[in-house]
Every structure is written in structure tokens, then in C-alpha cells.
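Below you'll find the structure, written out as C-alpha cells, and then a few comments.
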Amino acid sequence: MGANRLIKGETGLERFPEVAVKEVELKRELDTYVADLHIHTVLSPCANVEMIPPLIVQTALEKGINLIAITDHNASANVSAVQKAAARASLTVLPGMELQTREEVHLLCLFDTPEQLAAWQAMVDARLPDLENDVEFFGEQFVVNETGEFIRREHRLLSVSVDFSLREAVTEVTRLGGIVIPAHIDRQAYSLVANLGLLPTDVSFEALEISRFTSPAEAYRRFPQIGQIPLIQNGDAHSLDELLGTTIFRLAFPSVAELRLALLNAGNRSFFVQSG
Amino acid sequence: MTLQEIIDQLGLKVLTDVKDFSQIIPTGGYASDLLSCVIAGAPRQGVWVTLQAHMNIVAVAALLDLSAVIITEGARPEPRVISKANEEGITLLASEQPTFQVVGRLWELGLKNGG
């Protein structure tokens with residue numbers, strides 16, 4: 001339960017990283033987290049209408065997933081609704097976003113607190129091109145409440161590049177306390193590897209994400225340029241059946257700091273990708 | 001056709017150090033914004049037309065020993081990209097025109113080898 005307190009900000013510890021670290025050190029026992037850190041809601045124009053908070057929570061629980069991140073395209077207005085829908089479940093919902101950079105690279109941006117996400121969203125909003133969503137072409141972009149009821153339409157087009165370079169995005173998200181994980185590097189579009197060919201040398205990544213269509217072993221073989229960077233796998237779920245839960249973490253708490261430790265295999269934390 | 005003629009005919013802005021461009025004869029051309037495709041498909045010593053301005057364009061240009069990279073639609077690389085290009089001896093050129101127009105002009109000038 002300490003984990004949930006930390007995530008949901010009831011202790012306020014997240015504002016004092018050094019205290020949070022002590023708390024983590026005190027809690028020696030680790031828990032297993034079955035994770036899918038890349039899930040879209042009806043706010044993403046490409047997501048199915050079933051991607052509403054209660055159904056996402058229910059499906060995650062049915063699949064034995066207890067750690068998810070909500071990552072809509074350049075937007076985050078449905079994160080708190082999913083967190084509310086998960087409030088009484090043993091499911092942690094990390095606040096997140098899937099950013100599309102100027103280079104058309106998709107980046108998972110994951111945070112611990114709503115405040116961090118709000119600060120990041122404000123920066124994204126300031127650099128999102130002012131274009132109207134064409135519902136016929138791209139699809140609806142709905143903001144909903146925790147029961148999935150309609151609140152409003154997002155009228156700005158979200159399926160577009162935000163005017164952040166990859167490096168700027170990594171710098172800013174990291175400064176806010178978040179972690180950046182380039183998404184679906186094995187895909188042929190919107191991927192760090194496809195778009196930029198080689199890994200940029202001016203930024204470093206703690207992990208890369210692979211899609212459901214490959215395995216870590218295959219990805220390391222196909223993309224030698226990624227070296228030994230840890231690979232996690234997520235569903236990139238646009239429909240309920242796409243929730244995956246193949247990346248398993250051993251953490252003291254479900255937090256960004258703990259994910260970092262696990263990706264490094266440090267402090268006894270660890271992770272692995274289950275073969276499908 | 002020399003790189004100098006291309007620069008003059010297309011009105012390109014030279015972003016990197018000036019060289020004797022009249023001695024550089026591009027072997028052909030390639031246009032894509034996906035660097036993985038460029039690595040696989042661009043002809044060596046060719047010119048590459050793209051609107052990507054990321055640091056990695058320098059690495060790709062160096063890898064393929066490209067004559068020049070033409071960055072289109074007014075996209076501007078950061079100063080650190082330009083200094084890296086100078087370090088590597090890569091020529092970066094800029095056009096306000098979209099890629100389609102730039103490639104069309106190169107074709108008209110007779111640069112038709114696609115690698």
C-alpha cells in the first residue's frame with residue numbers, strides 16, 4: 001500500500017526525492033508488477049471506442065496486469081479518469097503520454113505525479129500545431145470521466161508532430177522527473193530506429209520499447225545499432241484485446257525511480273520480457 | 001554537373017564551411033526523411049534531399065560519403081548540428097522549397113541517377 005500512497009501523492013513524498021529514496025530503502029521486500037506501459041484511451045483518434053477507463057481497468061485486471069501507463073498521443077486528459085477508475089483496484093496507473101517529436105519519433109513519456117504530467121502537457125500544448133481534428137479522417141478524440149461518460153471532444157489534431165526535437169523532449173521530461181522510452185522501435189514508421197537510422201549520440205535512453213510483433217532476442221539481432229539498451233515490450237493497445245502484460249518488473253514501489261533501478265538491474269530490482 | 005551549379009541554380013543557402021564546390025560532382029540523388037531508408041538506398045557521393053534536420057543526418061551523410069545534404073522547407077538544423085557537419089567535412093545546404101520542387105529542379109538539371 002505504501003506504493004499506492006507514493007504514487008497517488010497522499011504523502012507528498014514525491015516532492016522530496018531524498019525522502020522517497022529513504023522510504024524505498026526501508027522497504028526491502030519487492031513485489032512483482034506485470035506491466036503494460038503503453039495504453040491509449042478514446043482520446044487518441046486511432047483508439048477504439050471501448051478504450052474507456054472502466055473497461056481498461058477491468059481488462060488489465062482480467063489479464064493479471066497490475067501496472068499500466070496511459071499514453072495518448074500528445075495528450076493526457078484521460079489519465080486522471082483511468083486513475084480514478086483504478087482507485088479501488090490493485091492496479092497502479094502511471095501518468096504518461098506518447099509524444100510525437102519533430103523527427104516523427106514516438107516517445108513514451110512516463111511520470112509519477114499529475115503535477116509533473118500537467119507541467120509537461122503545458123509545454124506540449126504550447127508547441128502543438130494549431131490544427132483542427134478531421135474526425136472523418138482521423139477519428140474522434142474524446143475526454144471522458146472515470147465511468148467512461150463523455151465530457152468533451154478534443155478539437156485540436158493530436159496525430160501530429162509537436163515542435164520538440166528528440167533531444168529537447170528527453171531533456172525536459174527528465175528534468176521534470178519523468179523517463180523517456182522510445183516507442184515500438186521495430187515498427188517501420190514513427191520509430192527511433194526507422195526514422196533516425198542510428199541511435200542519436202546526443203541523448204541516451206534507459207530503455208527502448210518493442211512491439212508485440214517481435215521479441216527482445218529478435219530485436220537485438222535485427223537492430224545491432226541499439227547495442228545493449230534494455231528492451232521492454234508493451235501492447236501499444238488501441239483496443240482492449242491488445243493489452244499485453246509481457247514485461248514483468250520486480251520493484252519495491254511502482255514508480256519511475258524504481259523502473260529506472262529495474263532497467264539497470266540495480267538494488268535487486270529487475271525486469272524481464274515474457275515470451276509469448 | 002558540379003555542386004556549385006546546383007547551389008547556384010536552386011538558390012541554396014550554404015550552412016556549413018564553404019569549399020570549392022566546383023570540384024564536387026554528385027553521383028546522383030536520393031530523397032527520404034526516414035534515415036534507415038537513406039542508409040540502405042542513397043548512392044555514395046550523391047546528394048540527399050530531406051526535411052530532417054536532426055544531428056543524425058550528419059552521421060548518415062558521413063557514413064555514405066555524401067556530396068551534400070539539402071534540407072528543405074526552411075527547416076534549420078541546430079548550430080551544434082552545423083558544427084558537427086563542419087567537423088566531419090559534410091556540406092549542409094538549405095532551401096525554402098519543399099522536397100518535391102527541389103528534386104524536380106535537380107532532375108531538370110540532369111541529376112537522374114537514383115543509386
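The sequence lines fix the lettering, A, B, ..., with proteins before strands; numbering per chain opens at 1.
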Should we say atom [atom1] of [X] is surrounded by more than 12 heavy atoms from elsewhere, each under 6.0 Å from it?
X: Lys13(B); atom1: NZ; answer: no
X: Gln188(A); atom1: CD; answer: no
X: Phe21(B); atom1: CZ; answer: yes

Hey, could you give me the [atom1]/[atom2] distance between [X] and [Y], rounded to the nearest 0.5 Å?
X: Leu199(A); Y: Asn56(B); atom1: CG; atom2: CG; value: 8.0 Å
X: Leu51(B); Y: Glu104(A); atom1: CG; atom2: CD; value: 8.5 Å
X: Leu196(A); Y: Met55(B); atom1: CG; atom2: CE; value: 12.0 Å
X: Asp202(A); Y: Lys84(B); atom1: CG; atom2: NZ; value: 10.0 Å

Query raised in the report: So do the side chains of Pro200(A) and His54(B) get within less than 4.5 Å of each other, counting heavy atoms only?
Result: yes
Query raised in the report: Are any side-chain N or O atoms of Ser36(B) and backbone N or O atoms of Gly197(A), one a donor and one an acceptor, separated by less than 3.5 Å?
Result: no
Requested in this report: List the atom of Gln52(B), the atom of Glu103(A), and the distance in Å for their closest heavy-atom pair.
Outcome: NE2-O, 3.3 Å
Query raised in the report: At their closest point, which heavy atom of Leu34(B) faces which heavy atom of Asn195(A), and how far apart are they?
Result: CD2-OD1, 3.2 Å
Query raised in the report: Heavy-atom distance under 4.5 Å to chain B: side chain of Leu166(A), backbone, both or neither?
Result: side chain
